[in-house]
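Every chain is numbered from 1 and lettered A, B, ... according to where its sequence line falls, protein lines coming before strand lines. What you see is a predicted model, and the numbers here were worked out from it, not measured in a lab.
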There are 2 protein chains.
Amino acid sequence: MVAKPATRLSIAEHLAEAIFSGRYQPGELVPRELDLCERFAINRSAVRSDLRQLVDVGIIERISGHGSKVREYSEWHILDPQVTDWMARYAAPNPQIQREILTFRLDVEPYVAMTAARRAKARDLVAIEEAFEGLGQNLRSASCAEERRLHSECDVAFHVAIFKATHNIVWAQLSHILRPSIHLLVSMSNESASDPEESLERHRQLMESIRMRRPREAFLAAQAVLAGTADALGLEPGAGSLGGSALVEAKSQVDLEG
Amino acid sequence: MVAKPATRLSIAEHLAEAIFSGRYQPGELVPRELDLCERFAINRSAVRSDLRQLVDVGIIERISGHGSKVREYSEWHILDPQVTDWMARYAAPNPQIQREILTFRLDVEPYVAMTAARRAKARDLVAIEEAFEGLGQNLRSASCAEERRLHSECDVAFHVAIFKATHNIVWAQLSHILRPSIHLLVSMSNESASDPEESLERHRQLMESIRMRRPREAFLAAQAVLAGTADALGLEPGAGSLGGSALVEAKSQVDLEG
DNA sequence: CAAAAGCATATGTTGAACAAATCCCTCGCC
DNA sequence: GGCGAGGGATTTGTTCAACATATGCTTTTG
């Protein structure tokens with residue numbers, strides 16, 4: 001895909017950028033329709049159409065005769081793919097939300113990996129392997145921004161492929177929320193606290209566990225992959241909303257068909 | 001809320017009803033804009049605005065110069081609150097999706113309950129308890145449809161309150177997908193396979209476990225609550241996308257061992 | 001001083017005209 | 001006879017203009 005040359009960026013895109021980067025805070029009013037028309041040299045219908053998109057995902061609220069107000073973060077539909085896309089591209093909008101998503105990932109991904117190990121078909125392994133190889137190729141050349149972007153895209157693709165391998169539509173759609181947290185890590189870029197080579201090796205372990213249909217190993221491998229992530233953001237493992245400790249209990253009590 | 005008297009139901013609502021109930025299948029075209037204008041005696045701008053909502057949640061795809069096509073189920077944003085609301089109100093649209101959601105619930109809710117047991121504050125207990133009491137009140141009078149609706153609303157509220165008690169925004173928003181599966185159960189109404197009194201008791205156990213901050217008990221109690229649900233829809237425990245088998249193993253072993 | 005009327009401002013609704021994309025049928029060339 | 005270019009019909013996309021309605025602030029009036 002060559003990136004369309006001059007198709008005007010939608011108003012929704014501009015406003016989302018402004019809101020997600022914090023220039024308009026919850027409670028504040030965004031410019032009125034006619035100002036947006038002038039600012040972007042566009043007609044009012046188009047402006048209204050785009051504003052509706054922001055309304056539908058809970059980001060703004062329109063008050064007849066008054067204006068369009070940015071809603072509280074808790075009202076945003078952060079599970080909407082479009083919203084997570086904006087979160088990823090317009091940077092850490094709200095550190096709190098980023099932490100919440102990472103906590104969620106810490107809770108969920110080991111189980112997703114476990115399920116993937118049980119149900120992944122050959123076709124799923126292809127997707128996982130391709131993403132992994134992309135991860136390896138773009139490892140060394142972490143110089144320019146473009147290279148790093150490519151690397152993080154492969155990282156996203158790797159995790160998304162695992163979610164899809166569960167063959168459950170809910171899990172598959174949840175994979176969208178990975179994008180912001182992974183992109184955040186790249187932007188922080190002090191992920192290098194842990195050796196990149198080592199990180200790659202952990203990803204390989206996870207991939208192999210799924211391929212060899214070893215749910216328990218996959219569970220642990222996914223935890224290992226995320227461990228570095230948690231450190232980078234200062235999340236202690238036990239703080240996970242899903243208690244790691246209890247899971248370890250359960251795991252120890254049951255011989256997870258290792 | 002008294003239900004607005006005659007504010008015309010939106011076109012989106014009508015189309016959603018038609019699509020979710022299966023009158024328009026994926027791949028088919030919905031009526032063209034001008035037909036919708038005539039059919040609902042409304043102007044084209046309003047029609048287009050509503051159609052945009054359906055586009056944004058992935059339900060239809062607009063093809064310039066051709067028409068508006070219903071997209072495949074896998075493309076629908078089933079995590080969107082509006083979509084789950086339509087699923088709940090316009091009945092089992094797609095048994096497959098319902099199964100997927102129930103599988104997801106079986107995987108997730110025990111862990112959510114466990115987390116809630118760790119993090120619930122007093123305020124959360126209030127919400128859970130209120131929903132539980134509503135559950136008990138509307139138990140006996142399962143006669144008319146209105147009563148049953150009230151009962152299922154309390155059921156939804158109970159589970160939603162537990163999700164919210166995790167104090168994680170992702171989990172909280174995920175609680176939206178409970179609605180369709182709970183409403184489905186009510187409509188099937190053969191939940192009575194298990195004694196209502198017994199079901200209420202299981203809910204009470206879950207509530208108490210969370211209150212007493214006993215994560216492991218909460219985990220098991222949530223599994224017990226969902227067990228009847230799984231039976232009612234003919235989901236064998238092992239079919240869970242997330243290692244249902246391992247979790248059920250855990251439960252049975254723990255149960256047997258006291 | 002307070003309540004009501006009025007005004008300014010913003011969003012909500014409607015209607016029309018034209019532009020662009022797609023499909024399909026027809027015509028003409030090879 | 002087959003195949004491709006061209007054109008017309010259909011449908012969605014875009015733009016513009018006018019009016020209706022809701023909200024907040026100001027002014028008027030008892």
In this structure, how many angstroms lie between the [atom2] atom of [N] and the [atom1] atom of [X], rounded?
X: Ile42(B); N: dG15(C); atom1: CD1; atom2: P; answer: 10 Å
X: Leu36(A); N: dA10(C); atom1: CG; atom2: C1'; answer: 12 Å
X: Leu29(B); N: dC23(C); atom1: CG; atom2: P; answer: 11 Å
X: Ile60(A); N: dA10(C); atom1: CD1; atom2: C1'; answer: 14 Å
X: Glu33(A); N: dT15(D); atom1: CD; atom2: C1'; answer: 15 Å
X: His66(B); N: dA9(D); atom1: NE2; atom2: C1'; answer: 14 Å
X: Ile11(B); N: dG12(C); atom1: CD1; atom2: P; answer: 18 Å
X: Glu61(B); N: dT12(D); atom1: CD; atom2: P; answer: 13 Å

May I ask you to say what Ile63(B) touches in the nucleic acid, namely base, sugar-phosphate or nothing, with a heavy-atom cut-off under 4.0 Å? sugar-phosphate
Looking only at side-chain atoms of Arg44(B), point me to the closest of dG24(D), dT11(C), dT14(D). dT14(D)
Between dT14(C), dA22(D), dC23(C), which nucleotide gets closest to the side-chain atoms of Ala46(B)? dT14(C)
Find which nucleotide of DNA chain D each of Pro31(B) and Ser45(A) is nearest to by heavy atoms, and output the residue with the more 5' nucleotide. Pro31(B)
Taking for each residue the nucleotide of DNA chain D with the nearest heavy atom, is it Asn43(A) or Gly65(A) whose nucleotide lies nearer the 5' end? Asn43(A)
Side-chain donor or acceptor of Glu61(A) paired with backbone N/O of Gly58(A) under 3.5 Å: no
Is it the case that dG13(D) (base atoms only) and Arg52(B) (side chain only) share a donor and an acceptor within less than 3.5 Å, ignoring hydrogens and angles? no
List the residues meeting side-chain contact (heavy atoms from CB on, under 4.5 Å) with Arg52(A), not counting sequence neighbours, and say none if there are none. Asp56(A), Ser49(B), Asp50(B), Gln53(B)
Between [X] and [N], does any side-chain N or O lie under 4.0 Å from OP1 or OP2?
X: Arg32(B); N: dT12(D); value: no
X: Arg62(A); N: dG12(C); value: yes
X: Arg48(B); N: dG13(D); value: yes

Judged by modelled atom types alone, do Glu100(B) and Tyr73(B) share a side-chain donor-acceptor pair under 3.5 Å? no
Aromatic ring proximity Trp76(A)/Phe20(A), centre distance under 6.0 Å: yes
Could you go through Asp155(B) and His159(B), starting from their C-alpha distance and side-chain angles, then the distance that decides it, and tell me whether this counts as side chain to side chain donor-acceptor pair (under 3.5 Å)? CA-CA 7 Å; Asp155(B) 204 338; His159(B) 291 267; 3.2 Å; yes
